[in-house]
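Just so it is clear, the model here is predicted, and its values are computed rather than measured. Proteins get letters first, then strands, A, B, ... in listed order; numbering begins at 1 in each.
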There are 2 protein chains.
Amino acid sequence: MARPREFDEDTVLEAATQRFWTNGYEATSMRDLADRTGMTTPSLYNAFGDKRAIYRLVLDRYVRRALESCSAIFGDDDPPLRALERYFDALIEETRADALQKGCFVVNTALEVAPHDADFRDLVTNVFGRIEKYMRDCIVRGQSDGTIRTKLPAADLARLFLGATLGIRVLARTSAERELLTGVVRPLFALLRTK
Amino acid sequence: MARPREFDEDTVLEAATQRFWTNGYEATSMRDLADRTGMTTPSLYNAFGDKRAIYRLVLDRYVRRALESCSAIFGDDDPPLRALERYFDALIEETRADALQKGCFVVNTALEVAPHDADFRDLVTNVFGRIEKYMRDCIVRGQSDGTIRTKLPAADLARLFLGATLGIRVLARTSAERELLTGVVRPLFALLRTK
DNA sequence: TTCTTTTTATATCGATCGTCACAAAACGCG
DNA sequence: CGCGTTTTGTGACGATCGATATAAAAAGAA
């Protein structure tokens with residue numbers, strides 16, 4: 001029907017993701033994206049739209065995968081406490097291996113873009129809400145089956161666990177020591193064990 | 001000796017602070033700063049140096065005041081638990097009143113600038129370390145006098161409290177509801193009360 | 001006054017920004 | 001084979017970026 005694309009969409013979007021993720025929105029130029037993806041800027045515009053649309057596209061793609069990862073952890077039939085352990089273990093391991101200090105793409109967006117862009121603020125709020133809900137449901141299950149002994153409201157515990165997650169994501173951008181991150185998490189699990 | 005300055009340094013630095021704080025480093029231009037401060041760009045360069053130097057100057061100024069505020073809270077002779085309450089009450093109240101969703105200038109810097117600028121990363125790490133130390137010393141005092149009953153290591157509790165602080169600062173950039181912020185904090189104090 | 005020093009405002013530098021016209025190139029379809 | 005459609009690369013648009021050269025203006029010192 002027409003001239004075929006010469007690029008692999010997934011490869012290009014992944015390269016664009018990495019660039020936006022590490023450098024942020026403002027510090028990434030369309031020419032940066034062109035260089036990293038091997039495309040020209042007109043091809044980028046033709047294929048995906050303008051800079052903001054590309055950012056939204058790759059962020060949505062990132063969110064989809066991140067939430068799938070969350071779903072895999074919390075949707076598994078592991079005991080609730082085990083799921084939470086796996087969640088924070090993965091978070092800390094991801095941070096430890098994060099040589100470029102990318103942190104979390106959503107958290108980075110929350111700070112740089114969300115305050116002056118309602119669309120992205122809604123996206124970020126939605127993602128944070130989903131994580132909070134994963135936590136809450138997990139904690140409720142644990143309180144029901146007795147493996148989580150604290151009687152504190154699951155809603156507040158979920159809020160704290162979300163807050164701790166975001167805090168760790170901030171520290172991840174500053175090359176924090178692993179001991180600091182594990183120290184944030186240890187009292188959380190002590191809290192779940194208390195009566 | 002020479003022509004006197006026509007601007008008030010403190011007023012100018014405060015205006016520059018507000019601009020960098022709300023918009024970030026990359027999204028703020030020297031012309032933005034000139035407009036907001038009422039100066040011309042050559043006058044800014046002559047008085048304070050280049051863009052990065054101005055950012056550093058106003059960030060240092062912000063940090064000085066923020067740490068003074070911390071010192072006032074934790075250096076007071078209030079009981080340790082009361083100091084921690086005052087700290088988080090002030091944090092939540094500041095966030096509630098933060099119509100422009102500025103969040104914390106240091107946290108914003110941690111995410112936007114620190115990953116690719118060692119000087120600012122060191123500054124951020126230092127500030128986080130000081131806050132952590134305020135928390136730790138306060139918790140140790142509370143554990144000594146028996147007002148904080150938990151036997152969990154003060155070092156880890158301080159790390160969690162720092163992490164929660166940073167998490168709240170992230171949420172502050174996304175116009176989060178007050179109930180979410182108070183929910184993050186409530187289990188922290190429940191944790192301090194547990195034996 | 002004249003000289004020195006610093007701040008001021010005008011005007012602009014080259015570089016880079018996001019974006020796009022344009023036409024050649026590469027396909028399926030008739 | 002053209003024909004229509006989409007992608008491609010070249011080149012460049014006006015706007016804005018960080019930073020300055022330049023000189024007039026404003027003070028104290030001589």
Practice item. By nearest nucleotide on DNA chain D, pick out whichever of B/Asp32 and A/Ala47 is the more 5' one. Key: A/Ala47

Practice item. May I have the distance from A/Leu33 (atom CG) to C/dC17 (atom P), rounded to whole angstrom? Key: 11 Å

Practice item. Output yes when at least one side-chain N/O atom of A/Tyr45 is less than 4.0 Å from OP1 or OP2 of C/dT19, else no. Key: yes

Check your understanding: What nucleotide, of D/dT8, D/dC17, C/dT8, holds the atom closest to the side chain of B/Arg31?
Key -> D/dC17

Check your understanding: Is any side-chain N or O of A/Ser43 closer than 4.0 Å to OP1 or OP2 of D/dT7?
Key -> no

Review point. Phosphate oxygens OP1/OP2 of D/dC17: is one of them under 4.0 Å from a side-chain N or O of B/Ser29?
Key: yes

Point to revise | Interatomic distance, B/Phe20 CZ vs D/dG18 C1' [rounded to whole Å] | key: 11 Å

Study note, to complete from the structure: B/Glu9 atom CD is separated from C/dT7 atom C1', nearest whole Å, by 14 Å

Check your understanding: For the side chain of B/Arg86 and the backbone of B/Ile73, is there at least one donor-acceptor N/O pair under 3.5 Å apart?
Key -> yes

Practice item. Would you mind reading off the distance between B/Phe7 atom CZ and C/dT7 atom P, rounded to a whole angstrom? Key: 7 Å

Practice item. Please state whether the phosphate of D/dT7, meaning OP1 or OP2, lies under 4.0 angstrom from any side-chain nitrogen or oxygen of A/Arg5. Key: yes

Practice item. Between D/dT6, C/dA21, C/dT8, spot the one nearest the side chain of A/Pro42, thanks. Key: C/dA21

Point to revise | Nearest-angstrom distance from the residue atom NZ of A/Lys51 to C1' of C/dC17 | key: 8 Å

Review point. For B/Glu26, does its backbone N or O pair with a side-chain atom of B/Glu112 as donor and acceptor, under 3.5 Å?
Key: yes

Check your understanding: For the base of D/dT7, is there a side-chain donor-acceptor partner from A/Arg3 under 3.5 Å away?
Key -> yes

Practice item. Among C/dC20, D/dA27, C/dT10, find the nucleotide with the atom closest to the side chain of B/Pro4. Key: D/dA27

Practice item. Report the distance from atom CD of A/Glu26 to atom C1' of C/dC17, rounded to the nearest whole Å. Key: 11 Å

Review point. Between A/Arg169 and A/Asp98, does at least one N-O distance fall below 4.0 Å, as a salt bridge requires?
Key: no

Point to revise | Side chain to side chain, B/Asp35 and B/Arg19, heavy atoms closer than 4.5 Å | key: no

Check your understanding: Given atom OH of A/Tyr25 and atom C1' of C/dC17, what is their separation to the nearest angstrom?
Key -> 11 Å

Point to revise | Atom-pair distance (CE on A/Met30; P on C/dG18), nearest Å | key: 7 Å

Check your understanding: With the threshold set at 4.0 Å, does a side-chain nitrogen-carboxylate oxygen contact exist between B/Lys102 and B/Glu94?
Key -> no

